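For clarity, every value in this text was computed on a predicted model and none was experimentally measured. Along the sequence shown, residues carry numbers from 1.
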Amino acid sequence: MLSYVWPMALIISCNVIYQICAKSVSKGMNPFAALAITYSVGAIASLILYFILGKSGSLLAEFKQLNWAQIVQATILAIILIFVGYGLYNEAITWNKVVGILVCLAGFGLINLK
């Protein structure tokens, strides 16, 4: 039971902390700089936790298990859809639409899970 609840609790708590921190970013700061800093810190923390808590010592072996074709396919599809929407339909790219694209990509990934 704990192995089922622990990942969900971690995701929810991290998301709450992220949202609180995102709301405290200065309005004059470039949002892409804030995202770059946020995800860099997250990547470094994830690497540290991987090596502290991970049972296997090879990060390269973990990356070899990824299905890169699925990631590339979803990314290419998203880029094509963005250009079609922007070029053919003069759709503005807003944050709501970016979030919608990410949700669709996540759904695409979930559909392809084995």
Side-chain angles (χ1 to χ4, degrees):
M1 176 70 172
L2 184 60
S3 64
Y4 178 73
V5 174
W6 166 245
M8 289 189 332
L10 180 64
I11 290 170
I12 291 169
S13 61
C14 289
N15 194 11
V16 168
I17 293 169
Y18 171 78
Q19 293 299 327
I20 290 170
C21 292
K23 290 182 188 277
S24 66
V25 172
S26 172
K27 291 185 181 191
M29 184 176 189
N30 185 331
F32 293 112
L35 281 175
I37 293 168
T38 300
Y39 287 111
S40 296
V41 170
I44 291 168
S46 296
L47 281 173
I48 291 169
L49 288 173
Y50 171 79
F51 287 114
I52 291 173
L53 302 174
K55 293 179 183 166
S56 84
S58 174
L59 186 61
L60 185 59
E62 296 292 332
F63 279 118
K64 287 181 180 178
Q65 293 180 12
L66 281 176
N67 184 353
W68 289 100
Q70 177 183 342
I71 295 169
V72 171
Q73 180 184 18
T75 304
I76 291 171
L77 178 64
I79 290 170
I80 290 171
L81 290 175
I82 289 169
F83 282 116
V84 166
Y86 184 74
L88 294 179
Y89 300 107
N90 295 323
E91 285 285 332
I93 299 174
T94 63
W95 284 109
N96 287 345
K97 292 178 183 167
V98 170
V99 171
I101 290 168
L102 294 175
V103 169
C104 290
L105 288 174
F108 182 73
L110 290 173
I111 289 171
N112 286 309
L113 284 177
K114 293 181 181 178

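- Applying the salt bridge (Lys or Arg N to Asp or Glu O under 4.0 Å) test to pairs two or more places apart or on separate chains, none has a residue in residues 7-18.
- In the hydrophobic clustering of ILVMFWY residues, with side-chain heavy atoms under 4.5 Å counting as a link, L53 and I48 come out together.
- Neither I44 nor Y50 shares a network with the other; the hydrophobic side chains, linked directly or stepwise wherever heavy atoms of I, L, V, M, F, W or Y lie under 4.5 Å apart, form separate groups for each.
- We find the CD1-CG distance between I52 and L47 to be 11.0 Å, quoted to the nearest 0.5 Å.
- Under the side-chain contact (heavy atoms from CB on, under 4.5 Å) criterion, A45 pairs with no residue, sequence neighbours left out.
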